[in-house]
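So the structure is just underneath, and the comments pick up after that.
Each residue takes its place number in the sequence, starting with 1.
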Amino acid sequence: MVDNTIKQILQKTDSIGSEIRVQAWVRTKRDTKELVFIALNDGSCMNNLQVIAEKSVISENVLHTLTTGASCSVTGILVESPAKGQTLELQALSLEQLGDCPSDYPLQKKRHSFEFLREIAHLRTRTNTFGAVARVRNALTIAVHSFFQELEFFNVHTPIITASDAEGAGEMFQVTTLPFETFDSSAGIDYSRDFFGKKASLTVSGQLSAETYATALGRVYTFGPTFRAENSNTSRHLAEFWMIEPEMSFCDINGNMDLAEDFLKYVLKYVLDNCEEDMVFFNTFIHKGIIDDLRAVINSSFTRISYTKAIEDLKASSVSFEYPVSWGIDLASEHEKYLTEEIYKGPVIITDYPKDIKAFYMKMNGDGKTVRAMDVLVPRLGEIIGGSERENRYDLLLDRIKEQGLNPEDYWWYLDLRKYGTVPHAGFGLGFERLVQYVTGMTNIRDVIPYARSARNCDF
Ligand code: ATP
Ligand code: MN
């Protein structure tokens with residue numbers, strides 16, 4: 001038998017008066033002389049179901065052991081609640097305890113710091129905040145797939161282990177079965193003895209593989225794990241994160257920007273429509289006003305400016321940034337925040353970056369100095385999406401590969417895409433956890449993924 005969840009029970013007033021069973025964990029318990037009030041939560045939603053039991057229904061023993069965090073199974077009659085702030089409650093006919101929860105349970109207290117909760121990541125999902133994050137993250141996953149499926153993009157599973165250290169973004173984690181002794185040899189490492197017969201790593205992006213599919217199926221997207229040995233300890237970088245990467249044939253940078261903007265608006269709207277209760281929680285306790293902020297973004301049109309204009313804007317402001325601004329620099333998070341929060345007051349898409357700070361595969365502009373890159377920046381976070389129109393001209397791509405000191409032989413298959421039926425194409429990457437951060441208002445990226453991996457942190 002599968003019982004209804006508390007979410008289902010609270011939504012369906014048609015079971016009022018009937019006998020139901022609920023299995024859940026105790027959030028709080030208090031008793032009067034004759035009655036026991038137990039707030040039960042089963043994780044299906046933020047709301048608790050209030051159980052009212054006469055003391056005679058509960059054994060003397062259970063009355064003591066049914067503490068915060070304990071689990072139980074309750075059968076009772078669902079009735080309308082006379083109490084304020086809740087619609088229904090359960091009048092218990094019988095109550096069986098399933099699991100104890102002794103007094104050293106770390107979640108006894110009402111409030112804990114996020115730092116403390118990171119140390120008990122196996123339990124933190126039982127708190128209101130982390131339960132809500134998990135449910136919103138789930139809704140965002142569905143939203144991502146339905147956005148692309150409605151537009152008839154095909155989902156592609158690109159490899160996690162890769163031999164191309166290609167992807168050109170960030171530091172890679174190596175994958176090897178060679179014994180450690182091999183690494184001490186001064187003669188260098190003989191990768192022909194390794195599992196794949198060559199050096200292999202965990203992927204930093206599915207893009208290059210996605211391009212091969214886009215040039216066959218037209219429009220595709222990936223949604224998979226990505227690994228970067230980021231040594232910086234920031235609130236928006238993880239060593240393992242999930243990335244969504246659409247790739248479209250017959251599309252230029254303008255189509256790419258349109259897609260990115262539509263996509264963000266779609267997923268924001270999906271969450272506001274489907275996770276109301278959790279969003280009200282974030283709006284009240286995590287980031288006041290976030291619901292209105294997100295609504296405003298859905299109804300706005302994103303500012304689109306060139307990198308050159310962004311640099312001019314930053315220079316024109318009389319702010320003294322920690323990293324001085326000049327044409328050619330990579331924008332730092334302080335610059336991204338200033339553009340989105342102070343100047344344009346909303347999302348900004350920046351295009352046409354200097355070629356030297358962007359990857360080899362981005363399409364060269366006529367000026368020979370800039371490439372058709374686009375980054376989508378949002379208030380609070382900075383970069384949430386990075387993408388580009390791809391270089392689709394064989395010779396120019398080959399030049400760029402060489403210019404960046406890469407070996408053209410490693411890219412023979414990637415170059416083939418420009419040799420056989422090349423087409424204009426474009427795509428972008430969205431860090432899924434940055435999206436979850438943006439939607440929930442959670443300030444640290446480690447709090448929006450179940451088990452965060454970052455430098456010197458791989459517990460649980
Ligand atoms: P940043 O400059 O913020 O480090 P990036 O330019 O290195 O990001 P891209 O290579 O453009 O990132 O990757 C595409 C997207 O993936 C980024 O816009 C961001 O949303 C996300 N992303 C990149 N690195 C990380 C990371 N270490 N942890 C979480 N998300 C990331
Ligand atoms: Mn980027």
Side-chain angles (χ1 to χ4, degrees), residues 167-171 205 207 228 230 232 234-237 251-261 263-264 293 296-297 300-391 396-397 399-400 403-405 426-431 434-435 437-438 445:
E167 299 150 345
E171 290 296 310
S205 157
Q207 180 200 321
R228 294 186 187 179
E230 308 267 7
S232 50
T234 79
S235 59
R236 48 180 213 154
H237 289 92
C251 180
D252 65 9
I253 192 166
N254 294 310
N256 206 23
M257 285 192 277
D258 292 343
L259 186 83
E261 183 168 341
F263 171 56
L264 281 178
D293 282 1
V297 168
S300 72
S301 47
F302 293 9
T303 303
R304 299 180 183 193
I305 56 170
S306 69
Y307 169 89
T308 302
K309 169 85 169 97
I311 293 292
E312 281 165 12
D313 287 341
L314 291 169
K315 277 183 162 170
S317 78
S318 44
V319 180
S320 68
F321 293 105
E322 194 186 334
Y323 296 96
V325 178
S326 66
W327 199 95
I329 62 154
D330 212 348
L331 295 180
S333 128
E334 56 173 343
H335 307 132
E336 297 175 344
K337 282 194 174 163
Y338 193 81
L339 287 163
T340 52
E341 291 172 11
E342 305 299 328
I343 305 185
Y344 293 105
K345 306 202 186 302
V348 179
I349 310 183
I350 300 186
T351 57
D352 303 298
Y353 283 77
K355 69 178 166 84
D356 294 332
I357 58 168
K358 289 291 181 187
F360 72 91
Y361 50 71
M362 299 189 180
K363 187 165 186 164
M364 185 66 76
N365 279 319
D367 61 11
K369 288 195 313 194
T370 59
V371 289
R372 262 173 231 177
M374 55 161 240
D375 279 5
V376 182
L377 316 180
V378 292
R380 292 188 270 121
L381 268 187
E383 178 180 336
I384 193 166
I385 286 179
S388 67
E389 184 174 340
R390 317 306 187 191
E391 183 55 80
L396 278 124
L397 181 61
D399 287 347
R400 286 284 285 154
E403 195 180 293
Q404 298 217 349
F428 61 79
L430 165 95
R434 294 222 183 144
L435 176 65
Q437 269 188 289
Y438 184 57
I445 198 164

Fill in the blank from the handout: Closest heavy-atom pair, N256 versus G427, reported as atoms and distance to 0.1 Å, is ND2-O, 3.0 Å
Handout entry: Nearest non-hydrogen partners of V371 and P354, listed with the distance
Key = CG2-O, 4.4 Å
Practice task
Could you walk me through whether D367 and D352 pass side chain to side chain contact (heavy atoms under 4.5 Å, CB included), step by step?
Solution key: CA-CA 10 Å; D367 61 11; D352 303 298; over 6 Å; no
Problem - E403 with K355: basic N within carboxylate O range, under 4.0 Å - result: yes
Problem - Side chain proximity check, T308 to Y353, heavy atoms < 4.5 angstrom - result: no
Exercise for the section: May I ask you to decide if K363's main-chain N or O and R390's side chain share a donor-acceptor pair within less than 3.5 Å? Expected result: no
Exercise for the section: In plain terms, say whether R236 and E230 are close enough for a salt bridge, that is, a side-chain N and a carboxylate O under 4.0 Å apart. Expected result: no
Completion exercise
Output for pair (Y361 OH, E391 CD), nearest 0.5 Å, gives 13.0 Å
Practice task
To the nearest 0.5 angstrom, please state how far the CD1 atom of I253 sits from the OG1 atom of T351.
Solution key: 5.5 Å
Practice task
Answer yes or no: is there a side-chain heavy-atom contact under 4.5 Å between Y323 and H335?
Solution key: yes
Problem - Point-to-point distance, once rounded to the nearest 0.5 Å, from CG of L381 to CG of L435 - result: 9.5 Å
Handout entry: Note, I311 side chain near I329 side chain (heavy atom, < 4.5 Å)
Key = yes
Problem - Six-ring centre of W327, K369 cation under 6.0 angstrom, axis tolerance 45° - result: yes
Handout entry: Partner set under side chain to side chain contact (heavy atoms under 4.5 Å, CB included) for A260, not counting sequence neighbours
Key = M374, V376, I385, F428
Problem - Whether E341 side chain and R380 backbone form a donor-acceptor pair below 3.5 Å - result: yes
Exercise for the section: Decide yes or no for R372 and S388: does some side-chain heavy atom of the first lie under 4.5 Å from some side-chain heavy atom of the second? Expected result: no
Fill in the blank from the handout: Nearest heavy-atom contact between M364 and R400 is CE-CD, 3.7 Å
Exercise for the section: Could you walk me through whether I445 and S235 pass the side chain to side chain contact (heavy atoms under 4.5 Å, CB included) test, one step at a time? Expected result: CA-CA 5 Å; I445 198 164; S235 59; 5.7 Å; no
Exercise for the section: Begin from the C-alpha positions of Y344 and D313 and carry the test side chain to side chain contact (heavy atoms under 4.5 Å, CB included) through to its verdict. Expected result: CA-CA 10 Å; Y344 293 105; D313 287 341; 2.5 Å; yes
Completion exercise
Correct closest heavy-atom pair for S326 and K315 would be CA-CE, 4.2 Å
Fill in the blank from the handout: Here the pair of heavy atoms bringing V348 nearest to T340 is CG2-CG2, 4.0 Å
Exercise for the section: Using the side chain to side chain contact (heavy atoms under 4.5 Å, CB included) rule, take V297 and L264 through it: C-alpha gap first, then chi angles, then the decisive distance, then the call. Expected result: CA-CA 9 Å; V297 168; L264 281 178; over 6 Å; no
Practice task
For residues Y438 and D293, determine if any side-chain heavy atom of one lies less than 4.5 Å from a side-chain heavy atom of the other.
Solution key: no
Exercise for the section: For the pair E336 (side chain) and E383 (backbone), establish whether a donor and an acceptor sit closer than 3.5 Å, ignoring hydrogens and angles. Expected result: yes
Exercise for the section: Check whether any side-chain heavy atom of L430 sits under 4.5 Å from a side-chain heavy atom of I384, and report yes or no. Expected result: yes
Handout entry: Heavy-atom side-chain proximity of N254 to M257 below 4.5 angstrom
Key = yes
Practice task
Determine the sole option in R434, K358, R304 for which the salt bridge (charged side-chain N to carboxylate O under 4.0 Å, His left out) test with D375 is passed.
Solution key: K358
Exercise for the section: Check whether any side-chain heavy atom of T370 lies under 4.5 Å from a side-chain heavy atom of Y307, and answer yes or no. Expected result: no
